[in-house]
Amino acid sequence: MEYDFRAIESRWQKSWREEGIYRVENGGDRPHYYVLDMFPYPSGAGLHVGHPLGYIASDIFSRYKRLQGFNVLHPMGYDAYGLPAEQYAIQTGQHPALTTEQNIRRYREQLDKIGFSFDWSREVRTCDPRYYKWTQWTFIQLFGHYYDRAADKALPIAALEERFARQGTEGLEAACTEPMAFTAAEWNAWDEPRRRQVLMNYRLAYLADTAVNWCPELGTVLANDEVVGGLSVRGGYPVERKLMRQWSLRISAYAQRLVDGLEQVDWTDSLKEIQRNWIGRSEGAAVWFPVSGREDGLSFEIFTTRPDTIFGVTFMVLCPEHELIATITTEAQRQQVADYVAWAKNRSERERQAEVKRVSGVFSGAYAVNPLTEEKIPIWVSDYVLAGYGTGAIMAVPAHDSRDFAFARHFGLPIRQVVAAEKDAVSDPSTWTESLDSKSGWAVNSGFATGMKVKEAMKAVIDKIEEMGIGRRTVNYRLRDAIFSRQRYWGEPFPVYYKQGVAYTLPEECLPLELPEVDDFKPTASGEPPLGHAKRWAWDEVKRCVVDKSLVDEATVFPLELSTMPGFAGSSGYYLRYMDAHNDEAYFSPEAVGYWQNVDLYVGGAEHGTGHLIYARFWNKFLFDLGLAVKDEPFKKLINQGMIQGRSNFVYRSKQDNGLFISKGRIKNMEEVTPIHVDINMVDNDVLDIERFRRWRPEFAEARFELEEGKYVCGWEVEKMSKSMFNVQNPDDLVDRYGADTLRLYEMFLGPVEQAKPWDTNGIEGVHRFLKKFWRLFDSALESPAEGEPSAEEMKVLHQTIKRVTDDVERFSFNTVVSTFMICANQLGELRCRHLEVLEPLAVLIAPLAPHIAEELWHRLGHDGSVCDARWPQFDGRWLVESKVKYPVQFNGKMRFTVELAADCTQQQALDIIKSMPEGQKWLGGAEPKKVIFVPKKIINIVC
RNA sequence: GCGGAUAUGGCGUAAUCGGUAGCCGCGCCAGACUUAGGAUCUGGUUCCGAGAGGAGUGGGGGUUCGAGUCCCCCUAUCCGCACCA
């Protein structure tokens, strides 16, 4: 029988669908395992071959775990809200709801063709009201909680109110926007709006005037991870800093726990490092510097990681946004400072970042006093100090900070050395070409700290300023709160309404607050959210949801919040929803989360390291504080699949003769030809299909070719996969041509899952040939099965394969699994193996990789059920026993040599084997070895 | 600039521990079968050399009886962050 993959695959896909064999139940006796893929944005372009790479890897692991006897949760869904979907809708002029629906259908078709074992009964879509009900619900909880640093967790805001009524801010340690201090008496005297205003300072979801990333082109604000180099990630449009009243999530409150949690998870070091850098924890000191000559005792706070260099401060710098500037600037400097601040403000974020090397700044005319030396030091204003980090003010130590050094050199400010690389190695800083930033070395010219090592000096200086009451040891994070509102249409509406300008959340019973249909969903340049067009909706929903009916009158037409939530809102907790996807009473039941706990294996791209993976961890930690999630970290193990790049093909057109195309090997000088992208679908192993090329474009119909060995060989280059380069590979074409099993095997065979690699189909034939060979092996054995016992040789091949496949699947080395199967098929083919008891376990073994062919073979072997319910074959080591002498070596008058033996070989057996070998006798000189050292598993060193 | 990763034949890669470098596949070469094409099968294929032999895992050094693998320095490429005090 021929290997008819089309018939086999459609038959089994249909059967799986009808039998619902991938449906998973919560509970049962089997151990549980949760395998999750990062769910896709259903974009208009459909899936390309890069998408399924991770899905195939996770599917292999899920199927493997299932065959090992685990109850495996392996769900899939769609991240359908957010900018990409909406941008696509705007481009095509269709409503996002419609395009999203179409795209999802297309994605589903493409996914189904590849034969995944997803439990589609648990599908979630972030744009489905039954799903986003819980996104909105979580927002309400975030609004209703604050972060208590003493308890180190989120607590209900009601507890905070109670505390304020009892003792004001006395003794409170809580994450907040601005530090506040008031007494219980003051709190109790305030009215409701005033109190709410104060509480907003502490809520985990809060409204505040924030310097945001405003993208005029997209008509919305963006989070920090959505902006790279001053341009929006989505679309690449310029982004400017703008002060706007926006919702934010107080993710910074969790900064330390987000750092600490990385210790517990099994992620790659590089991804953990990306997160650590993004959170940017740095230890140092906060120090108050008084402004000189002020009767009101005015002072300002700075943050430094180098308190030991405080004796080397020669000037102070404030960021242009600093509130103190207006107060301290002297009359003489007022105009200059105002000009500078105005100039700095108008500079786009992109300009500022592009001109980092350019030094700019202005003297304020005011002076500060160094609290340790009593020295008077000038206060400058410069935009190299950032408003968003620390306090927006620094103490400048030009001798030991490269940025301060550049600034001092530019403006001719003094430079004073206070650290020396070697003890007492003091030199004249005016001769220096760069600052000495290293933290190793000794303090010099540093008052009481002189002679100490830098590390000691740091501690001594902090102790001193704490003792003087002018500062404290502190930790600063780079991680900033996540801006949560978007002035866009396609997102979750906020469950928020306003009463006299004060924000209230809707009652939970009213959820979901559904996204209305609007005629015009396009963003506006002014930043007015498109939901403003939905007058009827605002009206009706307010009437339905708002408790206080008096609000619904002509005067307050739009008491609802009109922004929507960003894309990451819906994707932050979806893995929890899969556990209990149809629950209308709760996000997920305690039983469901108690059973599945958290994700055992998460597979997805590393590009989410600073976005989704931070937000999801934050979201989970918050739900953990609420007692809903049962684990502090959501994703135990994480595998980053490498990006698949495109591999473009070129033809080379002669510059002299526009109708002539020269094969790559015949080109003498690349200057004489123009490379032209050609569609990779008409190139096979870099050989051009000349007829298809002629038909491709009218201008190539008459093309002539200078061939090499009768072929036209194309050039190639690795580029981004994109339509314009004609290098997009659609998985459907390959499935049609070779079948899903071949595609699955080939994507894995390409190389390690984690590695970035260009896509090319040059080897796919080989993988397809293997499947045919594998099929024939079974086919001939089924036709005339061998009688009697399988040979030791055959058993050895089988057990070698079981061992290697099991080990390699365990360590996610799927490319070597494919190789192992190829070797196995070659060897059994050579042995002409027709023993069904040798072949049957192989059908199970290959089921995770190539489920369709496995299912068909399983069926042909006479089994009624699915191969998915089979048991993973057990490795039996006794078939592999062998021995082999490796390197005999003599040294130090002793003999030592190394022997390779089977894993279960005993010491005595090892010695017997060695002594039985003629060389062994010679090396040992007839003597008994004195010492046998088992070094690794297999190799034994023997010392005589 | 800081941080992380990677570097092996013509190509993708393999070599769980330090133990005969190059498994498996592509491509290429030769052959078998075939009217032909396709499909299938067999043998060969790191480089230099006719051969004996020699060289060889980006470059240089080190540890070791033994290094692709461990350590130090350098180079190139990729990724992340980027005036973060």
Set out, in order, the CA-CA distance, both residues' side-chain angles and the distance that settles salt bridge (charged side-chain N to carboxylate O under 4.0 Å, His left out) for A:R409 and A:E434, then state yes or no. CA-CA 10 Å; A:R409 273 285 151 85; A:E434 57 178 13; over 6 Å; no
Quick check on RNA chain B: between A:M822 and A:M395, whose nearest nucleotide comes earlier from the 5' end? A:M822
Under 4.0 Å between any heavy atoms, over every strand shown, what does A:D404 touch: base, sugar-phosphate, or nothing? Just pick one. nothing
Where are the stems of RNA chain B, defined as at least 3 consecutive Watson-Crick or wobble G-U pairs with both distances under 3.5 Å? B:1-7 with B:75-81, B:10-12 with B:24-26, B:27-32 with B:40-45, B:46-48 with B:53-55, B:58-62 with B:70-74
Which pair of heavy atoms, one from A:S282 and one from A:T305, lies closest together, and at what distance? CB-CG2, 3.9 Å
Going by a 90° cut-off around 0, is B:C24 syn or anti? anti
Starting at atom CG of A:D401, determine the distance to atom P of B:G1, rounded to an integer number of angstrom. 16 Å
Quick one about A:S252 and A:D481 (side-chain donor to acceptor, distance below 3.5 Å, no hydrogens or angles considered), yes or no? yes
C1'-based separation of B:G9 from B:A55 [nearest Å]: 14 Å
What pairs of residues pass the salt bridge (charged side-chain N to carboxylate O under 4.0 Å, His left out) test when at least one of them lies in residues 380-390 of chain A, not counting sequence neighbours? A:R347-A:D383
Using the P atom as the reference point in each nucleotide, state the distance between B:U16 and B:G54 in Å, no decimals. 27 Å
Measuring only the C1' atom in each nucleotide, how far is B:C70 from B:G53? A whole number of Å is fine. 32 Å
In whole angstrom, what separates A:L271's CG from B:G3's P? 18 Å
Does B:C24 have OP1 or OP2 sitting under 4.0 Å from an N or O in the side chain of A:N815? no
Across all chains, not counting sequence neighbours, the ring pair (Phe, Tyr, Trp, His ring centres under 6.0 Å) partners of A:F821 are none
Pull up the glycosidic torsion of B:G10 and say syn or anti, syn being anything within 90° of 0. anti
Taking the same atom, P, in B:C78 and in B:G12, what whole-Å distance lies between them? 16 Å
Just how far, in rounded Å, is C1' of B:A5 from CG of A:N640? 12 Å
Contacts of A:W432 meeting ring pair (Phe, Tyr, Trp, His ring centres under 6.0 Å) (sequence neighbours excluded), chain-then-number -> none
Whole-angstrom distance between B:G19 and B:A52, as gauged at atom P: 28 Å
Residue pair A:Y340 / A:S360, side-chain donor-acceptor N/O under 3.5 Å: yes
All ring pair (Phe, Tyr, Trp, His ring centres under 6.0 Å) counterparts of A:Y389, not counting sequence neighbours: none
Run the ring pair (Phe, Tyr, Trp, His ring centres under 6.0 Å) test against A:Y384 and tell me which residues pass, sequence neighbours left out. A:F407
NA contact type, A:I823, heavy-atom cut-off 4.0 Å: base, sugar-phosphate, or nothing? sugar-phosphate
Using atom CD of A:Q755 as one end and atom P of B:U77 as the other, report the distance to the nearest whole Å. 18 Å
Roughly how many Å apart are B:U45 and B:G38, using the C1' atom of each and rounding to a whole number? 25 Å
Polar atoms only, N or O, under 3.5 Å: list the protein pairs with nucleotides 36-41 of chain B and their distances.
residue : atom : partner : partner atom : Å
B:U40   : O3'  : A:R776  : NH2          : 3.4
B:C41   : OP1  : A:R776  : NH2          : 3.1

With sugar-phosphate meaning primed atoms plus P, OP1 and OP2, does A:P758 contact a base, only sugar-phosphate, or nothing at under 4.0 Å between heavy atoms? nothing
Taking only nitrogen or oxygen atoms into account, show me every contact under 3.5 Å that the protein makes with nucleotides 73-76 of chain B, one pair per line with its distance.
none

Which protein N or O atoms sit under 3.5 Å from an N or O of nucleotides 80-83 of chain B?
residue : atom : partner : partner atom : Å
B:C83   : O3'  : A:R403  : NH1          : 2.4
B:C83   : O2'  : A:Y384  : O            : 2.7
B:C83   : N3   : A:V356  : O            : 3.4

How close or far is atom C1' of B:A5 from atom CG of A:D269, stated in whole angstroms? 10 Å
Could you list all the salt bridge (charged side-chain N to carboxylate O under 4.0 Å, His left out) pairs where at least one residue sits in residues 804-831 of chain A, not counting sequence neighbours? A:K803-A:D807, A:D808-A:R811
Is the cationic atom of A:R617 (NZ for Lys, CZ for Arg) positioned less than 6.0 Å from the six-membered ring centroid of A:W278 and within 45 degrees of its normal? no
Measuring only the C1' atom in each nucleotide, how far is B:C83 from B:U6? A whole number of Å is fine. 29 Å
Taking CG from A:N762 and C1' from B:G10, how many angstroms apart are they, rounded to a whole number? 12 Å
Tell me, yes or no, whether the heavy-atom count around A:D269 atom CG, taken from other residues, nucleotides or ligands under 6.0 Å, exceeds 12. no
Atom pair distance, as rounded to whole Å: CD in A:Q645 and C1' in B:U77: 12 Å
NA contact type, A:S402, heavy-atom cut-off 4.0 Å: base, sugar-phosphate, or nothing? nothing
Please check the phosphate of B:G25 (OP1 and OP2 only) for any side-chain N or O of A:N826 closer than 4.0 Å. yes
Just the rounded figure in Å: distance from P of B:A5 to CE of A:M643. 18 Å
Under a 3.5 Å distance rule, please check whether A:K272 uses its side chain to pair with a backbone N or O of A:V265 as donor and acceptor. yes
Side-chain donor-acceptor pairs under 3.5 Å in residues 764-773 of chain A, sequence neighbours left out?
residue : atom : partner : partner atom : Å
A:E765  : OE2  : A:Y738  : OH           : 3.0
A:H768  : ND1  : A:Y738  : O            : 3.4
A:H768  : ND1  : A:T742  : OG1          : 2.9
A:K773  : NZ   : A:N826  : OD1          : 2.7

Measure from the side chain of A:S270, starting at C-beta and using heavy atoms only, and say which of B:A85, B:G4, B:A15 lies closest. B:G4
Please enumerate all residues that pass side-chain contact (heavy atoms from CB on, under 4.5 Å) together with A:D760, with sequence neighbours excluded. A:R647, A:Y746, A:N762
If the P atom of B:A32 is compared with that of B:U69, how far apart are they to the nearest Å? 45 Å
Is there a donor-acceptor pair under 3.5 Å between the side chain of A:H400 and the backbone N or O of A:L436? yes
